[in-house]
Amino acid sequence: MRDKKIIFFGAVGAGKTTAINTISEGKCINTEANASDSTSIQKKTTTVAMDYGYVTSSTNQRIHCYGTPGQERFQFMWEIITSNLASDYSGEILFLDNNRKYPQHDLHFYTKKFRHLIDDKPLIIAVTKSDIKPNPSISEYRGWLHELGIQAPIYFIDARKKEDILFLLEELLPDQAQVINEMNSVSVIEDELNLDEVIQYSEHKVEFSDKVLNKISHLEGVVGIALITSEGKLGHSTLDTEFLIELLEFLTSSPSTLEDQNKSDHVLSIELALEENYHFVINFFDDVVLATLCTKHLTIAALKQQIENIIQW
């Protein structure tokens, strides 16, 4: 089984070096030097060549993480890393610092400079320091990405927390076994999905078309789905009869849940645990219920992000 390579790129001080140091099992390679220009306002040192570390998955596959310098004057290393050291990379993570003065500018700059990577392999946006400065929000980042024509999930994370970085790697490499088995302490933040925010940057009203439902049905870890109207009518289902009956019994025994959702502007997500290795993730929208039967390893947070991305685009 071939090792995987992930490229970490983005703004100075956004957490690339910290993230690699946080997860690396061996001694990291860091090329930090004292910052002598305006960068010193953000951090005392800056990466001048690259950062490198690795982590091993539960299947003993090694995941190599390469961090690029944030400053444009060291962009010769961008080419060396992306075209030589990690030319067979599997995906990339763009780190952005929410506490910087113009994070939108950073998003535009780095997606432009690394566009050849973004167009070729999966991308995740990791926004740090939202605990210091909560805005821009995830919704604003979604809008900026839409303007750039880029599709990528966005997470607010803490680069100092191992669980957060491992979560990103697992999301980027869905075809691999989980890097860790338990993620109870993950601090990844996803804002509650507001329907108005989802369609704010879309030309069309969000609706569960056959195409959207088909995409959701084929997500990794999804066994089947069912779409049910507020009147309790079955609009679409790929569930086996036994699972469908269990779902309907739960919904009919919990009418207050749907009534509460109708009073809210947010999408409510709940989990219905089942026997064996499955669980339902049930999303209550304003007029429909989307129930997704999943294997145990697919978390509510991960599924919700994927569904949101499908709806958004």
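The analysis underlying the following values was restricted to heavy atoms, covering all of them including side chains, and did not include hydrogens, waters or symmetry mates. None of these values were measured; they are calculated from a predicted model.
Judged purely by atom type and a 3.5 angstrom limit, Asp97 has no side-chain atom pairing as donor or acceptor with the backbone of Pro103. For the pair Asp164 (side chain) and Asp158 (backbone), a donor-acceptor distance under 3.5 Å is present. Panel note: side chain Glu25, backbone Thr56; a donor-acceptor pair is recorded below 3.5 Å. A distance-only check finds no donor-acceptor pair linking the side chain of Glu249 to the backbone of Glu246 [under 3.5 Å]. At least one donor-acceptor pair closer than 3.5 Å links the side chain of Lys121 to the backbone N or O of Tyr89. Side chain of Asn99 to main chain of Lys133: no donor-acceptor pair is present (N/O by atom type, distance under 3.5 Å, no hydrogens or angles). With Lys16 contributing its side chain and Gly10 its backbone, the two residues share a donor-acceptor pair below 3.5 Å. The closest donor-acceptor contact from the side chain of His236 to the backbone of Ile225 lies at 3.5 Å or more, if one exists at all.
The OG1 atom of Thr292 sits 12.0 Å away from the CG atom of Leu272 when rounded to the nearest 0.5 Å. Rounded to the nearest 0.5 angstrom, Asn21 CG and Arg160 CZ are separated by 13.5 Å. In this structure, CG in Asn135 is found 6.0 Å from CD in Glu140, a value given to the nearest 0.5 Å. Atoms CG and CZ, on Leu96 and Phe109 in that order, are 12.0 Å from each other to the nearest 0.5 Å. Interatomic distance, Glu92 CD to Ile124 CD1, rounded to the nearest 0.5 Å: 9.5 Å. Rounded to the nearest 0.5 Å, atoms CD1 (Ile125) and CD1 (Ile157) are 12.0 Å apart.
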Legend entry - Test side-chain contact (heavy atoms from CB on, under 4.5 Å) applied to His218 and Val222, step by step: CA-CA 7 Å; His218 287 85; Val222 172; over 6 Å; no
Inset, instruction - Determine, step by step, whether His146 and Arg142 satisfy the side-chain contact (heavy atoms from CB on, under 4.5 Å) criterion, reporting the C-alpha distance in whole Å, the side-chain angles of both residues, the deciding distance to 0.1 Å, and the verdict. - result: CA-CA 6 Å; His146 179 76; Arg142 289 194 197 108; over 6 Å; no
Legend entry - Residue pair Thr17, Asp51: steps toward the side chain to side chain donor-acceptor pair (under 3.5 Å) verdict: CA-CA 6 Å; Thr17 301; Asp51 297 313; 2.4 Å; yes
Inset, instruction - Tell me, with the steps shown, if Leu244 and Leu234 meet side-chain contact (heavy atoms from CB on, under 4.5 Å). - result: CA-CA 10 Å; Leu244 180 58; Leu234 185 62; 3.8 Å; yes
Legend entry - Candidate pair Ile6 and Leu173, rule side-chain contact (heavy atoms from CB on, under 4.5 Å), full reasoning: CA-CA 10 Å; Ile6 304 298; Leu173 302 171; 4.1 Å; yes
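Here the side chains of Leu117 and Leu123 are not in contact, with every heavy-atom distance at 4.5 Å or above. Counting heavy atoms from C-beta on, the side chains of Leu247 and Val289 never come closer than 4.5 Å. The shortest side-chain heavy-atom distance between Glu171 and Phe167 falls under the 4.5 Å cut-off. Side-chain atoms of Leu169 and Ile23, non-hydrogen and from C-beta on, do get closer than 4.5 Å to each other. The shortest distance between side-chain heavy atoms of Leu290 and Ile216 falls below 4.5 Å. Side-chain contact between Gln104 and Glu147 is present, with heavy atoms from C-beta onward closer than 4.5 Å. The side-chain heavy atoms of Ile132 and Asn98, taken from C-beta on, include no pair separated by under 4.5 Å. You'll find the side chain of His108 reaches within 4.5 Å of the side chain of Leu148, heavy atoms only.
Annotation: Asp210, atom CG; neighbour count of heavy atoms from other residues, nucleotides and ligands within 6.0 Å does not exceed 12. Crowding of Arg115 atom CZ: a count of heavy atoms from other residues, nucleotides or ligands under 6.0 Å exceeding 12.
Ile20 and Gly53 make their closest contact through CG2-N, 3.5 Å (heavy atoms, listed as atom of the first residue, atom of the second, distance). Of all non-hydrogen atoms in Ile154 and Ile138, the two that sit nearest each other are CD1-O, 4.1 Å. Annotation for Lys129 and Gly13: closest pair NZ-O, 2.9 Å, computed over non-hydrogen atoms. Residues Pro136 and Tyr141 share a closest heavy-atom pair of O-CE1, 3.7 Å. Shortest non-hydrogen contact noted between Gly91 and Leu172 is C-CD2, 3.8 Å. Residues Gly224 and Leu239 come closest through the heavy atom pair C-CD2, 3.5 Å.
Taking the six-membered ring where tryptophan is involved, the planes of His116 and Phe114 are essentially parallel, since the angle between them stays under 30° and well short of 60°. Classification of the Tyr54-Tyr52 ring pair by plane angle, with boundaries at 30° and 60°, yields tilted.
You'll find the ring centres of Phe250 and Phe280 outside the 6.0 Å limit. In this structure, Tyr278 has its ring center closer than 6.0 angstrom to the ring center of Phe243.
Of the residues Thr128, Val127, Asp131, the one that meets the side-chain contact (heavy atoms from CB on, under 4.5 Å) test with Phe156 is Val127.
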